[in-house]
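All remarks here apply to the structure that follows.
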Amino acid sequence: MSAEIPKNYNTKEIEKKWQIFWEKERIYQFNPDSSAPVFSVDTPPPYLSADHLHAGHVMSYTQAEIIIRYHRMKGENIFYPMGFDDNGLPTERFVEKKYNINKSKTTRKEFTDLCLKETAAGGKVYEKFWKSLGLSVDWSLLYSTIDSRSQKTAQRSFLDLFRKGRIYREDAPVFWCTACQTALAQADLEDKEEKSFMRDVKFSLENGDEVVISTTRPELIPACVALYVHPDDERYRKIAGQNAIVPLVNEKVSVRTSPLVDREKGTGLMMVCTWGDVEDVQKWKEDKLPTKLIIGKDGRFNEKAGKYAGLKLREAREAVVRDLEDQNLIVGSREITHVLNIHERCKNPVDFYASPQWFIKILDLKDDLKKRGEEIKWHPSFMKIHLDNWIDGLKWDWCISRDRYYGVPFPVWYCAGCEEIILPEDDELPVDPRESPPRNGSCPRCGESKIKGEMQVMDTWMTSSVTPLINARWQDRKNLMKEIYPMTLRVQAFEIIRTWLFYTLVKSHLHTKTAPWREVMISGWGLGNDGQKMSKSLNNFVAAGAIIEKYSADALRFWACGAMLGMNLRFSEEDVRAGQKILTKLWNAARFIAMNTENMNRKANLSPKNLNSADRWILSELQKLVRSVAEQLDNYEFAKAKILLEQFFWIKFADNYIELIKGRLYGEDAEKKYSAQFALFKTLSALVHLFAPFLPHLTEELYQCFIRNSASPVSVHISPWPEVDGDFDDEKMRKNGKKLMEVIAAIRKIKAEKGVKLSENITALTVGARGLDESFFSNAASDLQNVARANAISFDWQSEKTVDFST
RNA sequence: GGACAUUUAGCUCAGCUGGUUAGAGCGUACGGUUCACAUCCGUAAGGCCGCUGGUUCAAGUCCAGCAAUGUCCACCA
């Protein structure tokens, strides 16, 4: 047998071999007919537009996968799908950039065709990559957020919520990205600090008096519709109720009062425009102020802006300031730093704009949603606070429509005659009202046959928020709702708690009156060498494919599970190399064991009393390891489990135990040799299983080469997780073992330091030996003597005196 | 301004419900081995455990305050 075992572990060949094997044998396939408990997983569908996969992706997917593999080996029926998010704005932007095209200058058909082509290509790259990493995904469950099943689910979600009165359409101010030319939701915004100028501008009152307002947005002066003061502000008591004249446009606006005005801010006199910020929108709503929208959807000023019409925002600001200066109306100006909202996808500043949009009413659900959040078990627990904070801070209903081309269409038509909203039946879905009319062709209310389809598309989260329902085939007659829903586990990173997690919670609360999952697992970020977030625009980008190519998937996975759940992890090639080292070490240890257990009878089961001391020790340590690794994995503490495994394997098993029993393996005493062989094989077998979730390729190779027999499962990944064997779980043995290791250390020290400190070391040695139980020692003495001999020392345990160096 | 997290050896991080001389990996220096190990083993150097107070017989570990870093949120007149 030993002749057949290759000396080196050929990473690339072997990993590829088992990946093909797993697929062929359908090791990871979900079995809907099994009676085993189901463990269903809701994994993030990554955006295909991210055309480079980096080590950060590897980290979060691997961490989740280790937990999943553990549950699979515990005999649970794993439902582990993969999805691709190839829907919506990110994909559009990717295509725009790649082909350098402008959405408004191409037809919808051309554009969506390109999007579909790119997502198909991207999907292939992703699938290949995830497979090369060894993810135990059931690829037969693959979904894409633009495929017809997802569209159907998203549209049915819309219809269901519409019927429940949760969805409304309103022509109101919305967050608007002038670069993408679409409405946005609160969750699509990001903060950005920017330097700007606070300018003090003179306004005249009708009676000729002058007042001063402060603003960072002078270009909105032509859109001013009111001034506000605090009702108790002595300075302005007299002017409240009067009219002011807006400079440059000479329009009359009223001076109103509101207790919400902050007297300390600026001059205490507040200019309200259509609409510069959230305050403006609120005042506009509450006091029914006039509307004077001077910025168009493309970001240019429109005809209502008078002489500034046609200018871009920046140009308009310059022009307005120039004009104000010419008229000596700017009485103060200072540079300030303030934070403005930018669009998360394109980083352009977000404005307000009014146009008809679809909304889901969520502001009245805050308490319910927080309660749903509490039904879920959070790992790590503090991550739940991010959700609560977000819910507390909600100010707007969820705007679900986007003025774009590529995405799931709304299942909505409008009657051209009576403006009735026309909806399809569930069995018609998916529909595309932009392309085809409703089934019965005319308006059910007025009979009008001219019907318009809704041209907007859904927010990408409208689809992503129903991934559990897509997977459970909620929309199908024969669905898996009972089997896999609510799902067992959601895995994701923390930055999309406010989007993906929150929106999914909203949907499942409204559709199924449950939380969507029982547990969530939130991972941190993989950081670049410099500690910054990995991003391909920076030089800290670590292409995951290249690392796998250079080392191995298993080594990269070993790095990925090095941080505790929820913590960020800095990438370091040294750590990957350390992972590679443990692969080699495991391979060699297994090879050694295989060579020395070739002819042993593996069927017989020895009991502790038939074993030598050292063998009982390592097996008792093994039981402790089995117990604690399971404990850690139950708590999603894969990093701690990994450390336990490493330390047991490398230090206790390889450096100490194997060295201790080599003499018996090479010796003539068949009984003593068999005792060691038995412990060696039992330990190796357990280790291969315990390491399997972390290092799936290597452990599969070891299992197939050294462990598997005709009665075993075809793969280590579906073979049973090790259990504690009470017969060998012996604390007394572990205590003796600790002493045993001290004695070995003392022997090595004597060797290393020769004469130096000799007496101390000999004392350590004898004291260590004396600390052992008598029967344990008498049985282990020959093993120790062997170690001593291997270190060129002979020691007389009886007299505790003689030390020879056979130099 | 609010929230959450982090702060322990040169680097990356462990240190559970407080208890003897604070640990691992990598890196560094030195020594040994190459008969499982394109290696491996051993030894050493290196830490006011962010700062300040408090509780306690006893604190890296609990409490309070402060600081730095990261992230999220709020503030945009």
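To find a chain, count down the sequence lines: A is the first, B the second, and so on, and within it residues start at 1.
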When both hydrogen-bonding distances must be under 3.5 Å and the geometry is Watson-Crick or G-U wobble, what is [N] paired with, if anything?
| N | answer |
| --- | --- |
| B/rG47 | none |
| B/rA74 | none |
| B/rG42 | B/rC30 |

(message) When the C1' atoms of B/rC4 and B/rU17 are compared, how many Å lie between them, rounded to an integer?
(response)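 Comparing C1' positions in B/rU17 and B/rC4 gives a spacing of 24 Å.
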Using a 4.0 Å heavy-atom cut-off, does [X] contact any base of the nucleic acid, only the sugar-phosphate backbone, or nothing at all?
| X | result |
| --- | --- |
| A/K395 | sugar-phosphate |
| A/W650 | sugar-phosphate |
| A/E646 | nothing |

Quick one: which of [options] gets closest to the side chain of [X]?
| X | options | answer |
| --- | --- | --- |
| A/A589 | B/rC76, B/rG25, B/rA36 | B/rA36 |
| A/H386 | B/rU12, B/rC4, B/rA74 | B/rC4 |
| A/I385 | B/rA3, B/rC41, B/rA74 | B/rA3 |

(request) Evaluate the ring planes of A/Y353 and A/W176, with Trp represented by its six-membered ring, and classify them as parallel (under 30°), tilted (30 to 60°) or perpendicular (over 60°). (result)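 Tilted: the ring planes of A/Y353 and A/W176 meet at 30° to 60°.
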(request) Measure the acute angle between the ring planes of A/Y657 and A/F653, then classify it against the limits of 30° and 60° as parallel, tilted or perpendicular. (result)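 Parallel: the ring planes of A/Y657 and A/F653 meet at under 30°.
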